[in-house]
Amino acid sequence: MNWGVFEGLLSGVNKYSTAFGRIWLSLVFIFRLLVYVVAAERVWSDDHKDFDCNTRQPGCTNVCYDHFFPVSHIRLWALQLILVTCPSLLVIMHVAYRKAKEQRHRSAGGDDRRCMYPNPGKKRGGLWWTYLLSLVFKAGVDVVFLYIFYQLYRNYTLPRLVKCELPPCPNVVDCFISRPTEKSIFTLFMVVITCVCIVLSLIEATYLIGKRCRECLLAGSGDSRRHSQDGALSHADWAWAGGLFLGRVGCYKV
């Protein structure tokens, strides 16, 4: 892994995120990615090799392992991490697109032209929607993977013993999983961190929507206040014009 490129991506995501987004990013990097790279891969490295069944029937162990573990636990986590972090990269790409568009706009009309994006990283317009949809997508991905893990491993725990009677096994055989307690602890840890990340994503989405609604309400109240002031000024102007007209009429009569 090229840690320099990864550090650049993380700094870019952190730059354009809110406070909740920075907390989410820290959780993903420290408690999910580093735990996966440093510890989880080693725990599941002997998953298939140490799956023992009390039979010497050729193919029985492989069939039973495929039945109880249709998808590799560690590869599911890797896919989850990839899908969860991709939306944040889309936000960076959107900001880069804005910067490139602003640069083309300036080069075409000179520096005196009005800026299209005074602050390309400000969450307005399409970037606001991109950021909001990325939060919804991240929370949705985590929820889907929690459901998948629950369907594969009931209560997110691995049993010490499983019984298998699939062919070519001659009868019901007992199969033993290597280090089930350690794997269950890691699984529960990942599930708890995933739940915290889901809550943070939903809180951040609610914060963005609430902030946008507040800005719209303040803008609407400001417009109505300006309209009322303009109306009051127009009434005063009409009264002044009427008084001036009556004064001139009186002068003509005299």
Side-chain angles (χ1 to χ4, degrees), residues 1-3 5-6 9-10 24-89 136-202:
M1 178 182 290
N2 191 338
W3 289 102
V5 176
F6 189 72
L9 292 175
L10 284 178
W24 180 90
L25 184 63
S26 301
L27 285 176
V28 170
F29 179 68
I30 298 174
F31 295 105
R32 295 177 73 173
L33 184 61
L34 287 184
V35 169
Y36 171 83
V37 172
V38 175
E41 276 190 320
R42 297 180 182 178
V43 172
W44 267 270
S45 61
D46 58 352
D47 204 15
H48 184 269
K49 181 179 65 176
D50 292 341
F51 183 81
D52 294 328
C53 297
N54 57 356
T55 180
R56 294 186 177 275
Q57 178 68 28
C60 179
T61 301
N62 290 333
V63 170
C64 293
Y65 179 84
D66 183 70
H67 175 71
F68 290 106
F69 302 100
V71 182
S72 174
H73 202 123
I74 202 69
R75 290 185 177 88
L76 265 181
W77 270 344
L79 181 61
Q80 182 183 5
L81 287 173
I82 291 172
L83 292 178
V84 162
T85 52
C86 278
S88 299
L89 301 181
V136 175
F137 183 81
K138 288 187 291 189
V141 167
D142 279 336
V143 169
V144 169
F145 273 90
L146 283 179
Y147 177 77
I148 292 174
F149 277 112
Y150 182 79
Q151 291 296 321
L152 292 177
Y153 316 104
R154 292 292 178 180
N155 299 323
Y156 303 110
T157 56
L158 281 75
R160 291 182 171 84
L161 170 68
V162 292
K163 294 184 178 294
C164 179
E165 52 182 346
L166 298 173
C169 298
N171 48 26
V172 179
V173 298
D174 296 333
C175 297
F176 302 90
I177 301 172
S178 66
R179 296 188 283 188
T181 303
E182 187 176 10
K183 292 176 180 178
S184 297
I185 292 173
F186 271 100
T187 302
L188 291 174
F189 175 80
M190 286 292 195
V191 167
V192 171
I193 297 300
T194 301
C195 292
V196 175
C197 289
I198 292 172
V199 172
L200 283 174
S201 296
L202 295 178

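Small disclaimer: the values here were computed from a predicted structure and weren't measured. For this chain, numbers begin at 1 and follow the sequence in order.
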Residue Glu165 excluded, over 12 heavy atoms near CD under 6.0 Å | no

Mind listing the closest non-hydrogen atom pair of Ala139 and Ser201 along with its distance?
-> CB-CB, 4.1 Å

Tyr156 meets the ring pair (Phe, Tyr, Trp, His ring centres under 6.0 Å) criterion, sequence neighbours left out, with Tyr150

Would you please name every residue forming a side-chain hydrogen bond (donor to acceptor under 3.5 Å, both in side chains) with Thr157, sequence neighbours left out?
-> none

Acceptor/donor pairs from residues 26-33 side chains to any protein atom, 3.5 angstrom cut, sequence neighbours excluded:
residue	atom	partner	partner atom	Å
Ser26	OG	Arg22	O	3.0
Arg32	NH2	Asp142	OD1	3.1

So NE2 of His73 and CG of Leu158: to nearest 0.5 Å the spacing works out to 6.5 Å

With rounding to the nearest 0.5 Å, note down the distance linking CG in Leu79 to CD1 in Ile74.
-> 12.5 Å

When rounded to the nearest 0.5 angstrom, what distance separates CG in Leu200 from CD1 in Ile193?
-> 10.0 Å

Can you name the closest pair of heavy atoms from Met190 and Tyr36 and give their distance?
-> CE-N, 4.1 Å

Sequence neighbours excluded, which residues qualify as ring pair (Phe, Tyr, Trp, His ring centres under 6.0 Å) partners of Tyr65?
-> His48, Phe51, Phe69

Not counting sequence neighbours, which residues clear disulfide (SG to SG under 2.5 Å) with Cys175? List them please.
-> Cys53

Does any non-hydrogen side-chain atom of Arg160 lie less than 4.5 Å from one of Ile177?
-> no

Interatomic spacing from CG in Asp52 to CG in Asp174 - rounded to 0.5 Å | 12.0 Å

Pairwise side-chain contact, Pro170 with Thr55, heavy-atom cut-off 4.5 Å (strictly under) = yes

Gap between atom SG of Cys164 and atom CG of Asn171 - 0.5 Å precision | 10.5 Å

How about Pro168 and Val63: do any of their side-chain heavy atoms sit closer than 4.5 Å?
-> yes

The reported gap from CG in Leu76 to CZ in Phe149 (rounded to nearest 0.5 angstrom) is 4.5 Å

Heavy-atom pair with the smallest gap, counting every atom of Lys138 and Ser88 | NZ-OG, 3.6 Å

Please tell me if the side chains of Gln80 and Val144 come closer than 4.5 Å, counting only heavy atoms from C-beta onward.
-> no

Kindly write out the residues that satisfy side-chain hydrogen bond (donor to acceptor under 3.5 Å, both in side chains) with Ser178, not counting sequence neighbours, or none if the list is empty.
-> Lys183

Phe145 and Leu83: side chain to side chain contact (heavy atoms under 4.5 Å, CB included), yes or no, with the steps?
-> CA-CA 10 Å; Phe145 273 90; Leu83 292 178; 3.8 Å; yes

Quick one: are Tyr153 and Thr187 in side-chain contact, heavy atoms under 4.5 Å?
-> no

